[in-house]
Amino acid sequence: MDRMLLESFPFRIIEGLMIAGFATKATQGIFYIRAEYPLAVSRIRSALEQCYANGILGNTVCGTQFSFNIRIFEGAGAFVCGEETALIASLEGLRGTPRMRPPYPAIKGFKGQPTLVNNVETLSLVPWIISNGAKAFNEIGTDLSKGTKVFALAGKISKGGLIEVPMGITIRQIVERIGDGVADGREFKAVQIGGPSGGCIPASKADTEIDYEELAKMGAMMGSGGMVVLDDSDCMVDMAKYFLTFTHQQSCGKCTFCRIGTKHMLNIVTKLSEGKATLADIDELESLGQSVRNGSLCGLGKTAPNPVLTGLRYFREEYEMHTRGKCPAKKCRDLVKYVVTDNCTGCTKCSQECPVNAIPFNPYEKHEIDQALCTKCDNCRIVCPENAIEIADVNGQN
Ligand SMILES: Cc1cc2nc3c(=O)[nH]c(=O)nc-3n(C[C@H](O)[C@H](O)[C@H](O)COP(=O)(O)O)c2cc1C
Ligand code: SF4
Ligand code: SF4
């Protein structure tokens, strides 16, 4: 979402940064952009060059006494370097790890100087607010969360993409009106809001108005503005495993709760996905999640348990089914098998597409899958013209 803003509206963000500098009497602005976003870096660089060439930036901004210079710092892409104190450490050439606050960066930040850290989207809104007035901005949104919010709408949705919506819009309005719902024949299950540390909000709560306060009450957060729509083919345990793998890898390792706690959580979630966990493991997972949230120093560790904690809050039954060896979404590889039904006409397509020769080539006969060889790659199900290949519970039921 921020990358798109940097690539599409570089001048708007530069203007927001200059206004922020003017308001705080700062003379230096820095764009901290991860190096993996080369287009964002080059668009901002070219926009800055144009501003300098036209006297908009420099020691006499637009011929005034105001001096403001902006440079770009390319970060190596660690998630934790988005945390403001880690970001500043990284800017100073130190290892990008968070530190205790206070002192907050506003008091003691970059090179010991007062430093304002703001998000790209925040800065991009400032020129509009100055031009149209705070009153006009405050007319959009809810009592406490004003204005609009950009979301990266993705997942099992007919029309994905970047959307700008007023605060207070409901999840259902976004999913059904803007995203045009989930695919035909599928059921809207949940939305994962806020990026890898966000929470999963079930479809039953889709009429909730989106703002900072409501999301926090539901165990989710606005975060990076990611909004992933899930349908009934998505497994909450599998989702939690995916996000926890990421946050665990990205932990800077400074605090034990985050470094070791997320690892223990990931171990339990992995056991669940393999059908090897017990109900007691689920209780331990929940208690660990609370400890990691409460005991971690920075936002990464504090929010990493969100996918698990919201999963347990809204989809506990689904977690418990995994202890009985069942994945209702048929997503967890160890809990499913591929089977050929009687609809098979013996066309041999599956046999030809199987990368591990798990389906013997038997023209005009019902095909069979060798479970010992099958890697569950899904190829055969995709190519079968008769929809004769199904994913079944490993214990045999469809
Ligand atoms: C682990 C972690 C990653 C973050 N990543 C980003 C990021 O990529 N971009 C960003 O603008 N803020 C990120 N933040 C939030 C910033 O530290 C900071 O709070 C925010 O940019 C403040 O801007 P705002 O008040 O304008 O929203 C991250 C925070 C944490 C804890
Ligand atoms: S919470 Fe995690 S990422 Fe944050 S300082 Fe502690 S170990 Fe590092
Ligand atoms: S799922 Fe993949 S590996 Fe398994 S039988 Fe089908 S094509 Fe072969």
Side-chain angles (χ1 to χ4, degrees), residues 1-3 5-6 13 16-17 20 31-34 36-37 40 75 77-90 95-101 104-106 109 115-126 149 194-198 212 221-226 246-263 292-305 333 336-340 349-360 367-384 388-392:
M1 181 268 290
D2 290 331
R3 177 169 57 87
L5 287 173
L6 291 165
I13 305 159
L17 187 54
F31 276 101
Y32 187 102
I33 311 174
R34 54 189 295 172
E36 291 96 327
Y37 295 164
F79 182 44
V80 75
C81 284
E83 196 281 338
E84 57 184 15
T85 59
L87 183 147
I88 289 168
S90 159
R95 188 172 164 168
T97 49
R99 61 155 174 82
M100 291 281 275
R101 295 173 303 177
Y104 288 92
T115 305
L116 182 70
V117 181
N118 272 118
N119 168 259
V120 157
E121 187 184 8
T122 307
L123 294 172
S124 74
L125 288 170
V126 174
K149 180 80 195 83
S197 306
Y212 286 96
M221 60 180 203
M222 210 68 89
S224 59
F246 175 78
T247 43
H248 166 65
Q249 277 171 357
Q250 294 292 321
S251 164
C252 82
K254 192 166 187 171
C255 358
T256 316
F257 280 108
C258 174
R259 183 181 72 245
I260 311 228
T262 52
K263 177 64 181 155
V292 171
R293 185 179 60 191
N294 299 335
S296 294
L297 170 65
C298 88
L300 191 152
K302 283 185 190 304
T303 56
R333 291 164 65 95
V336 297
K337 64 179 178 185
Y338 281 72
V339 291
V340 184
K349 277 205 164 135
C350 60
S351 175
Q352 294 175 56
E353 292 298 326
C354 177
V356 292
N357 294 327
I359 314 179
H367 280 52
E368 295 295 339
I369 296 175
D370 184 338
Q371 299 298 331
L373 294 178
C374 173
T375 57
K376 299 168 190 174
C377 73
D378 209 35
N379 274 7
C380 53
R381 195 184 62 82
I382 293 168
V383 296
C384 177
I389 295 185
E390 289 187 352
I391 309 173

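Position 1 is the first residue of the sequence; numbering continues from there. Side chains are part of it too, since the values below use all heavy atoms of this structure and drop only hydrogens, waters and symmetry mates. First listed ligand is number 1; within each ligand, the first listed atom is number 1.
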Inset, instruction - Determine the minimum heavy-atom distance between Arg101 and Glu83, stating which atoms define it. - result: CZ-OE2, 4.1 Å
Inset, instruction - Starting from atom 8 (Fe) of ligand 3, find the nearest protein heavy-atom neighbour and note its residue, name and distance. - result: Cys354 SG, 2.3 Å
Inset, instruction - Report yes or no: does Leu297 have a heavy atom closer than 4.0 Å to ligand 2? - result: yes
Legend entry - Ligand-residue contact atoms, ligand 3 with Lys376, heavy atoms, under 4.0 Å: 1 (S), 4 (Fe)
Legend entry - For atom 6 (Fe) of ligand 2, closest protein heavy-atom neighbour: Cys255 SG, 2.1 Å
Inset, instruction - Below 4.0 angstrom from a heavy atom of Cys252, which ligand 2 atoms are there? Numbered from 1 as shown, please. - result: 3 (S), 5 (S), 7 (S), 8 (Fe)
Legend entry - Full working for side-chain contact (heavy atoms from CB on, under 4.5 Å) between Asn119 and Asp2: CA-CA 8 Å; Asn119 168 259; Asp2 290 331; 3.0 Å; yes
Inset, instruction - Name the closest protein heavy atom to atom 2 (Fe) of ligand 3, giving the residue it belongs to and the distance to 0.1 Å. - result: Cys377 SG, 2.4 Å
Inset, instruction - Measure the distance from atom 2 (C) of ligand 1 to every protein heavy atom, then report the residue, atom name and distance (to 0.1 Å) of the closest one. - result: Glu83 N, 3.9 Å
Inset, instruction - Check each atom of ligand 3 against the heavy atoms of Val356 and keep those under 4.0 Å away; list them by number with element. - result: 3 (S)
Inset, instruction - Would you confirm whether any non-hydrogen atom of the protein falls under 4.0 Å from atom 15 (C) of ligand 1? - result: yes
Inset, instruction - Would you indicate whether Arg95, at its atom CZ, is surrounded by more than 12 heavy atoms from other residues, nucleotides or ligands within a distance under 6.0 Å? - result: no
Legend entry - Protein residue, atom and distance nearest to atom 6 (C) of ligand 1, heavy-atom basis: Gly82 CA, 3.6 Å
Legend entry - Atoms in ligand 1 with a heavy atom of Thr122 nearer than 4.0 Å: 24 (P), 26 (O), 27 (O)
Inset, instruction - Determine whether the side chain, the backbone, both or neither of Pro98 has a heavy atom under 4.0 Å from any heavy atom of ligand 2. - result: side chain
Inset, instruction - Would you mind reporting whether Pro98 and Val80 have side-chain heavy atoms less than 4.5 Å apart? - result: yes
Inset, instruction - Number the atoms of ligand 1 from 1 as they appear, then name those within less than 4.0 Å of a heavy atom of Val117, with their elements. - result: 22 (C), 23 (O)
Legend entry - Nearest protein heavy atom with distance in Å, relative to atom 1 (C) of ligand 1: Leu300 CB, 3.7 Å
Inset, instruction - Would you check if atom 8 (Fe) of ligand 3 lies under 2.8 Å from any N, O or S atom of Cys374? - result: no
Legend entry - Nearest non-hydrogen partners of Glu368 and Ile359, listed with the distance: O-CG2, 3.4 Å
Legend entry - Flag if over 12 foreign heavy atoms under 6.0 Å of NZ, Lys149: yes
Inset, instruction - May I ask you to check if ligand 1 and Val120 share an N or O to N or O distance below 3.5 Å? - result: no
Legend entry - For Val80, atoms of ligand 2 separated by under 4.0 Å from a heavy atom: 3 (S)
Inset, instruction - Show which atoms of ligand 3 fall inside a sub-4.0 Å distance from at least one heavy-atom site of Asp378. - result: 1 (S), 2 (Fe)
Inset, instruction - Answer yes or no as to whether an N/O/S atom of Cys380 is found below 2.8 Å from atom 4 (Fe) of ligand 3. - result: no
Inset, instruction - Enumerate the atoms of ligand 2 whose separation from the nearest heavy atom of Cys258 is less than 4.0 angstrom. - result: 1 (S), 2 (Fe), 7 (S)
Inset, instruction - Report yes if the side chains of Asp378 and Tyr338 come closer than 4.5 Å at any heavy-atom pair, otherwise no. - result: yes
Inset, instruction - Among all protein heavy atoms, pick out the one at the shortest distance from atom 3 (C) of ligand 1; state its residue, atom name and that distance to 0.1 Å. - result: Phe79 O, 3.4 Å
Legend entry - Contact atoms of ligand 3, heavy-atom distance to Ile359 under 4.0 Å: 5 (S)
Legend entry - Beyond-backbone contact of Thr262 with Val292, side-chain heavy atoms, under 4.5 angstrom: yes
Inset, instruction - Could you walk me through whether Glu121 and Leu5 pass side-chain contact (heavy atoms from CB on, under 4.5 Å), step by step? - result: CA-CA 7 Å; Glu121 187 184 8; Leu5 287 173; 3.8 Å; yes
Inset, instruction - Would you mind running through ligand 1 and noting each atom that sits below 4.0 Å from a heavy atom of Gly299? - result: 31 (C)
Legend entry - Within reach of ligand 1, part of Asn119 (heavy-atom separation under 4.0 Å): both
Inset, instruction - Output the list of atoms in ligand 3 that are nearer than 4.0 Å to some heavy atom of Thr375, sorted by atom number. - result: 3 (S), 4 (Fe)
Inset, instruction - Number the atoms of ligand 3 from 1 as they appear, then name those within less than 4.0 Å of a heavy atom of Asn379, with their elements. - result: 7 (S)
Legend entry - Residue, atom name and distance, where the atom is the protein heavy atom closest to atom 4 (Fe) of ligand 2: Cys298 SG, 2.4 Å
Inset, instruction - Return the residue, atom name and 0.1 Å-rounded distance of the protein heavy atom closest to atom 25 (O) of ligand 1. - result: Asn118 ND2, 3.5 Å
